[in-house]
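Proteins come first, then strands; the chains are lettered A, B, ... in the order of their sequence lines, and each starts at number 1.
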Amino acid sequence: MAEQIVVYNTMTRRKEVFQPQERGKVSIYVCGVTPYNEPHIGNARPFVTWDTIRRFFERIGYEVYYVQNFTDVDDKIIRAAHEQNVSWKEIADRYIAAYFQALDALNVRRANVYPRVSETIPEIIAMVQGLIEHDYAYALEGDVYYSVEKFAGYGKLSGRTLEDMLAGARVEVDERKRNPMDFALWKAAKPGEPSWDSPWGKGRPGWHIECSTMSLKFLGEHFDFHGGGSDLIFPHHENEIAQSQAYCGDPHSFARYWVHNGFITIHAEKMSKSRGNFFTVADILKKYPGEVVRFFILQTHYRSPLDFSDDRLQDAQAGFARLETAKENAIVLIEREGTSDTAKGLAAAARAAQSAFYEAMGDDFNTALAISYLFAVAKDINVYYNDVINRGVAFDAENFSTVRQVFDDMTDIIGILEAPAERDMKEDAAVAALIEERLAARKAKNWVRADEIRDELKVKGILLEDSAAGTRWKRI
RNA sequence: GGCGACAUAGCCAAGUGGUAAGGCCGAGGUCUGCAAAACCUCUAUUCCCCAGUUCGACUCUGGGUGUCGCCUCCA
């Protein structure tokens with residue numbers, strides 16, 4: 001399955017066949033967040049996306065090494081610390097914790113390492129020094145700047161030239177810099193800011209250098225994927241390339257495939273902290289389960305913009321509920337025994353759907369298409385459930401187990417429906433007692449009492465569903 | 001101003017040079033004591049507009065319109 005994987009590479013602007021640096025292994029570096037406030041849903045998109053990509057690679061037999069950094073030394077963190085009168089470290093720790101909490105709720109599995117800038121200072125200093133030695137950078141009154149003119153390939157990722165950039169110059173010109181586009185590798189310390197000793201005096205790393213350093217530290221000079229939101233293409237990723245390739249002296253070093261996700265928007269406009277038009281993951285989770293939010297994100301291809309709204313989340317929830325029902329139906333069925341061959345065709349269809357699913361995932365991680373095959377299997381499960389439970393069709397344990405495995409395999413990759421669906425079907429003894437009472441009432445054709453019980457539970461947010469196999473309930 | 005992306009049904013959203021996946025909503029139906037859930041049927045002669053290439057384009061080319069993004073922190 002999925003013999004060939006193609007990936008859209010921002011660098012070349014087209015899909016390319018994926019060839020791992022090292023056979024059977026995939027190395028991934030994804031730019032993490034600057035932890036200075038609550039993560040919003042837009043921040044979460046790349047991590048849900050990459051978690052899914054990672055699951056897919058692992059499922060088809062690759063060994064994945066996934067690195068994601070935290071930029072915990074930064075202007076915005078320092079500002080927040082001053083405003084709240086706490087240490088920068090406290091701000092960073094607090095929001096890193098909030099960030100993990102959000103990702104856990106979205107079923108995002110942990111990366112292999114989460115390096116932080118504050119823990120990578122010696123390596124960063126060494127890299128900056130190396131860039132100076134190679135004449136790609138220059139020190140200036142305690143700052144160190146990267147000299148973009150020295151790097152021939154500057155602009156190759158974002159598809160622009162230095163001339164283009166200067167033409168549209170919205171950068172404030174610092175006369176000391178050799179070129180207006182030169183960017184800081186190291187910033188001289190200002191009073192009240194965290195700083196570290198360096199050959200250029202006390203200071204701290206500039207933005208960009210940390211990712212070059214960390215990827216080199218954990219993944220080496222060559223690795224497979226580098227990801228993040230498309231707002232990072234320029235200048236962040238462009239500068240990383242300039243730093244890393246200049247440092248290694250190899251124009252082919254660094255990431256081989258650049259994968260950028262589209263934005264989450266609100267009323268078609270980019271959601272961002274600076275615009276203030278964002279919804280935090282925590283707030284959304286008050287209204288919707290994390291799995292629904294995850295499903296919502298993955299129903300759109302990662303490169304497309306995704307407009308966020310309550311209505312759309314509700315639509316996603318409705319679709320998700322049907323998958324959930326299929327999962328529950330499968331669980332009810334699988335407990336049965338049966339040696340017929342009534343699910344033979346279903347098993348074949350499920351295998352076909354599975355193969356189509358993998359093909360979709362292998363084509364630039366097309367989760368939207370892949371999910372359509374998940375729905376196909378869900379429908380088959382539901383039809384079969386009705387056949388067996390309500391229409392007396394003989395059960396086919398062997399073939400149905402194939403169908404069920406396929407379904408679970410797909411949901412595992414998408415990263416949904418992981419919690420056992422039985423969870424809310426048993427717990428509450430009081431509900432079970434009422435269901436018993438209602439069953440008795442129904443047997444006695446006491447519809448008034450039966451409906452009374454159903455309405456009573458409904459008020460409590462519990463929905464009853466009758467079938468020939470009994471009554472089950474769920475929270476709404 | 002420079003660079004780039006996108007434009008598919010009521011809503012969301014895949015997709016291909018050969019005649020439009022899937023989801024949501026809506027209508028009708030099956031099942032059910034009634035519901036709910038599930039399932040079935042229906043719901044774009046058509047893919048922003050105009051040219052061109054082609055036997056054939058929604059898919060390629062050119063132009064236009066619109067929306068969005070990057071160029072400043074940003075996932």
**OP:** Compare side-chain N and O positions of N382(A) against OP1 and OP2 of A38(B) and report whether any pair is under 4.0 Å apart.
**Re:** no
Original post:
Starting at CG of L369(A) and ending at C1' of G23(B), how long is that distance when rounded to a whole Å?
Top reply: 13 Å
Check residues 295-303 of chain A and write down every donor-acceptor pair under 3.5 Å in which the side-chain atom is one partner and the other belongs to a residue at least two apart or another chain.
residue	atom	partner	partner atom	Å
H301(A)	NE2	D364(A)	OD2	3.4
Y302(A)	OH	D364(A)	OD1	2.6
Y302(A)	OH	D364(A)	OD2	3.4
R303(A)	NE	D364(A)	OD2	3.0
R303(A)	NH2	D364(A)	OD2	2.6

**OP:** Flag the pair V33(A) / T71(A) as yes when at least one side-chain heavy-atom distance between them is below 4.5 Å, and no otherwise.
**Re:** no
Original post:
What nucleic acid atoms does G262(A) come within less than 4.0 Å of, heavy atoms only: base, sugar-phosphate, or nothing?
Top reply: base
Subject >> N or O in side chain of N261(A) less than 4.0 angstrom from A75(B) OP1/OP2 >> reply: no
**OP:** Test the K76(A)-Y36(A) pair against the cation-pi criterion, namely NZ or CZ under 6.0 angstrom from the six-membered ring centroid and within 45° of the ring axis.
**Re:** yes
Original post:
Base, sugar-phosphate, or nothing: which does Y373(A) touch, judged by heavy atoms less than 4.0 Å apart?
Top reply: nothing
Original post:
Using a cut-off of 4.0 Å on non-hydrogen atoms, how would the nucleic acid contact of H301(A) be classed: base, sugar-phosphate, or nothing?
Top reply: sugar-phosphate
**OP:** State whether S304(A) places a side-chain N or O below 4.0 Å from either non-bridging phosphate oxygen (OP1 or OP2) of A14(B).
**Re:** yes
Subject >> K76(A) side chain, from C-beta outward: closest of A75(B), G33(B), C73(B) >> reply: C73(B)
Subject >> Pairs involving residues 224-233 of chain A, ordered by first then second residue, that meet salt bridge (charged side-chain N to carboxylate O under 4.0 Å, His left out) (sequence neighbours left out) >> reply: D231(A)-K270(A)
Original post:
Can you find an N or O donor on one side and an acceptor on the other, under 3.5 Å apart, linking the side chain of D231(A) with the base of C71(B)?
Top reply: no
Subject >> N366(A) side chain near G15(B) phosphate (N/O to OP1/OP2, under 4.0 Å) >> reply: yes
Original post:
Looking at E437(A) and R449(A), does any basic side-chain N land under 4.0 Å from a carboxylate oxygen?
Top reply: yes
Original post:
For the pair made of CE in M361(A) and P in A21(B), what is the distance, rounded to whole Å?
Top reply: 22 Å
**OP:** Taking the side chain as every heavy atom from C-beta outward, state whether K15(A) and V7(A) have any atom pair closer than 4.5 Å.
**Re:** no
Original post:
R13(A) side chain: which of G4(B), A37(B), A75(B) is closest?
Top reply: G4(B)
**OP:** For the side chain of E269(A), starting at C-beta, report the closest nucleotide among C71(B), C39(B), G69(B).
**Re:** G69(B)
Original post:
Given G4(B), is OP1 or OP2 found less than 4.0 Å from the side-chain N or O atoms of R160(A)?
Top reply: no
Original post:
Taking atom P in both G22(B) and C31(B), what distance in whole Å separates the two?
Top reply: 26 Å
**OP:** Please check the phosphate of A36(B) (OP1 and OP2 only) for any side-chain N or O of R472(A) closer than 4.0 Å.
**Re:** no
Original post:
Got V48(A) and D51(A) here, is their nearest side-chain heavy-atom distance under 4.5 Å?
Top reply: no
Original post:
Can you find a pair of side-chain heavy atoms, one from C211(A) and one from N69(A), that are under 4.5 Å apart?
Top reply: yes
Original post:
Do P205(A) and L185(A) touch side chain to side chain, with heavy atoms closer than 4.5 Å?
Top reply: no
**OP:** Could you tell me which residues satisfy side chain to side chain contact (heavy atoms under 4.5 Å, CB included) with A468(A), sequence neighbours excluded, listed by chain and number?
**Re:** I389(A), N390(A)
Original post:
Counting only non-hydrogen atoms, which of residues 443-452 of chain A are less than 4.0 Å from RNA chain B?
Top reply: W447(A), D451(A)
Original post:
What is the distance from CZ of R442(A) to P of A35(B), rounded to the nearest Å?
Top reply: 13 Å
Original post:
Does NZ or CZ of R110(A) lie under 6.0 Å from the centre of the six-membered ring of F100(A), at an angle within 45° of the ring axis?
Top reply: yes
Subject >> Phosphate-side-chain proximity, K474(A) and A36(B), N/O vs OP1/OP2 below 4.0 Å >> reply: no
**OP:** Let me have RNA chain B in dot-bracket notation, would you? Count Watson-Crick plus G-U wobble pairs, both distances under 3.5 Å, and use [ ] for pairs crossing earlier ones and | for inter-strand partners.
**Re:** (((((((..(((.....[...))).(((((.......))))).....(((((..]....))))))))))))....
Original post:
What is the distance from CZ of F320(A) to C1' of G22(B), rounded to the nearest Å?
Top reply: 17 Å
Original post:
If the C1' atom of A7(B) is compared with that of C49(B), how far apart are they to the nearest Å?
Top reply: 11 Å
Original post:
Is Q314(A) touching bases, backbone alone, or none of the nucleic acid, heavy atoms closer than 4.0 Å?
Top reply: nothing
Subject >> Rounded distance in Å between the P positions of G18(B) and C73(B) >> reply: 45 Å
Subject >> Ion pair D182(A)/R178(A), N-O distance below 4.0 Å >> reply: no
**OP:** Name the nucleic acid region contacted by G228(A), choosing base, sugar-phosphate or nothing; use a 4.0 angstrom heavy-atom cut-off, strictly under.
**Re:** sugar-phosphate
Subject >> Given RNA chain B, 5'-ward residue of the pair F375(A) and I233(A), judged by closest heavy atom >> reply: F375(A)
Original post:
Taking NZ, NE, NH1 and NH2 as the nitrogens, is one of them in D408(A) or R404(A) under 4.0 Å from a carboxylate oxygen of the other?
Top reply: yes
Original post:
Could you state the NZ-P distance from K270(A) to C73(B), rounded to the nearest angstrom?
Top reply: 11 Å
Original post:
Say you pick atom C1' in G10(B) and the same atom in A38(B); how far apart are they, in whole Å?
Top reply: 25 Å
Within the sub-3.5 Å range, which N or O atoms of nucleotides 8-12 of chain B have a protein N or O partner, and how far apart are they?
residue	atom	partner	partner atom	Å
C12(B)	OP1	R312(A)	NH2	2.8

Original post:
If you measure from the P atom in U8(B) to the same atom in U67(B), how many Å do you get, rounded?
Top reply: 14 Å
Subject >> Atom-pair distance (CG on D74(A); P on U72(B)), nearest Å >> reply: 17 Å
Subject >> Given G69(B), A75(B), G23(B), the nucleotide with the shortest approach to the side chain of N43(A) >> reply: A75(B)
Subject >> Whole-Å gap separating C1' (G23(B)) and CD1 (I371(A)) >> reply: 9 Å
**OP:** Determine whether T265(A) and L306(A) make a side-chain contact, defined as any pair of heavy atoms from C-beta on separated by less than 4.5 Å.
**Re:** no
Subject >> Between P of A13(B) and CD1 of I264(A), the distance in whole Å >> reply: 12 Å
Original post:
Under the 3.5 Å rule, do the base of A35(B) and the side chain of R454(A) count as making a donor-acceptor pair?
Top reply: yes
